[in-house]
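Contents: one structure, followed by commentary.
Heavy atoms only: backbone and side chains are in, while hydrogens, waters and symmetry mates are out. Residue numbers begin at 1 in each chain, while the letters A, B, ... track the order of the sequences.
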Amino acid sequence: MRIATWNVNSLNARMPRVEEWLIQAQPDVVCLQETKMADAAFPALAFEALGYESVHHGSGRWNGVAILSRVGLSDPMVGFEPSIEPDTDTRLISATCAGIRVTSVYVPNGRGLDDPHYVYKLSWLKRLREHLEATTSPEVPVVVCGDYNIAPTDIDIWDPAAFAGMTHVSQPEREALQNVMDWGLIDTFRARYPDTPGLYSYWDYTAGHFHKREGMRIDFCLASAPLANLSTLDLVDRNARKGTKPSDHAPVIAEYNYPVGP
DNA sequence: ATGGTAGAGCATCTA
């Protein structure tokens, strides 16, 4: 089972590259973030032509998340479970694919430590844990994939000094992420490469950061133990960040020795 | 070549 997550930074702008990448990378399940489109504009037919069922949750100009699957897709849920304070944005969608409860998340950026959006970010992460508690169990196969907009530790960023006083690295954010993971989600990527620096999934478009290998690891496929125990591979597809009109994020791919089939 | 925003949408916000 090959599961990928990719913040595409506008699916309209990225569709040619996404289609090309699906054919080349052959993922079974894909979580997309920042589609930046309304549901009515989502190119479900184009994905279907490539063998993927899909669900999308988007409102227009900003955020927007989707799940693609070629191994079956059922029981979709958009946003947080109804008992939870609703999200004002379209940042979460869930579905069951081949017996795995899959969630695509686009955690709020936070903007600044003194910005209301930072409070929203922390609240959103608290609600993500409540959503998992209310809808599934760490005893079954679960993946929560997406752009978390948090670097778990300083090994996940190119220069800790460059991020002093900024979002993505603050202690409250890291604790909020840890609280989500404490529900029962494992970062198999870092478990596989515990001491390897320079493994990033996002590079700022500005100032040639990608070419200088100055990035952050903020996109993860987090898995519950039944799936994480079957982890066979974790990688960042850096090639997808090169060339013409790339997203500022690269796809993150995780593989599990788990039976593929609807 | 030896550097270096991008997207949405039309002023400016978001990342």
Determine the contact category for Arg91(A): base if any of its heavy atoms lies under 4.0 Å from a base atom, sugar-phosphate if only primed atoms, P, OP1 or OP2 are that close, otherwise nothing.
->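 It contacts sugar-phosphate atoms only.
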5'-most by nearest nucleotide on DNA chain B - His168(A) or Leu11(A) =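 Its nearest nucleotide being more 5', the pick is Leu11(A).
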Report the residue (Asp89(A) or Asn12(A)) whose heavy-atom-nearest nucleotide on DNA chain B is the more 5′ of the two.
->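 Comparing both residues, the 5'-ward one is Asn12(A).
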Provide the distance between the two [atom1] atoms, one in [N] and one in [M], to the nearest whole Å.
| N | M | atom1 | result |
| --- | --- | --- | --- |
| dA15(B) | dG9(B) | P | 15 Å |
| dG4(B) | dA8(B) | P | 24 Å |
| dC10(B) | dT14(B) | C1' | 15 Å |
| dG7(B) | dA11(B) | C1' | 14 Å |

With a 3.5 Å cut-off and sequence neighbours excluded, list the donor-acceptor pairs that the side chains of residues 43-57 of chain A form with protein atoms.
| from | atom 1 | to | atom 2 | distance (Å) |
| --- | --- | --- | --- | --- |
| Tyr52(A) | OH | Pro27(A) | O | 2.5 |
| His56(A) | ND1 | Asp39(A) | OD1 | 2.8 |
| His56(A) | NE2 | Thr35(A) | OG1 | 2.7 |

Contact interval (first through last nucleotide) of DNA chain B with protein chain A, 4.0 Å heavy-atom |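 For DNA chain B, the relevant span reads dG4(B) to dA15(B).
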Quick one: side-chain contact (heavy atoms from CB on, under 4.5 Å) partners of Asn179(A), sequence neighbours excluded?
->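 Counting only residues at least two positions away or on another chain, Asn179(A) forms a side-chain contact (heavy atoms from CB on, under 4.5 Å) with Arg129(A).
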Which residues share a side-chain contact (heavy atoms from CB on, under 4.5 Å) with Asn229(A), sequence neighbours left out | Ala225(A)
What residues join Leu128(A) in its hydrophobic cluster, counting side-chain heavy atom gaps under 4.5 Å, either direct or through other members?
->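 Besides Leu128(A), the hydrophobic cluster comprises Phe80(A), Ile84(A), Leu92(A), Val105(A), Val107(A), Tyr120(A), Trp124(A), Leu125(A), Leu132(A), Val140(A), Val142(A), Val144(A), Tyr148(A), Ile150(A), Leu177(A), Val180(A), Met181(A), Trp183(A), Leu185(A), Phe220(A), Leu222(A), listed by chain and residue number.
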List, by chain and then residue number, the residues other than Leu113(A) in its hydrophobic cluster (Ile/Leu/Val/Met/Phe/Trp/Tyr, side-chain heavy atoms under 4.5 Å); write none if there are no others.
->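 Grouped by the 4.5 Å side-chain rule, Tyr118(A), Leu122(A) form the rest of the cluster around Leu113(A).
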Asp234(A) with Arg192(A): basic N within carboxylate O range, under 4.0 Å = yes
Can you name the side chain to side chain donor-acceptor pair (under 3.5 Å) partners of Ser69(A), sequence neighbours left out?
->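 Counting only residues at least two positions away or on another chain, Ser69(A) forms no side chain to side chain donor-acceptor pair (under 3.5 Å).
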Taking only residues two or more places apart in sequence, or in another chain, which ones meet Asn149(A) in a side chain to side chain donor-acceptor pair (under 3.5 Å)?
->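 In terms of side chain to side chain donor-acceptor pair (under 3.5 Å), with neighbours along the sequence ignored, Asn149(A) is linked to His168(A).
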Do any of residues 201-212 of chain A sit with a heavy atom less than 4.0 Å from DNA chain B, and if so which?
->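 Nucleic-acid contacts, sorted: Tyr205(A), Thr206(A), Ala207(A), Gly208(A), His211(A).
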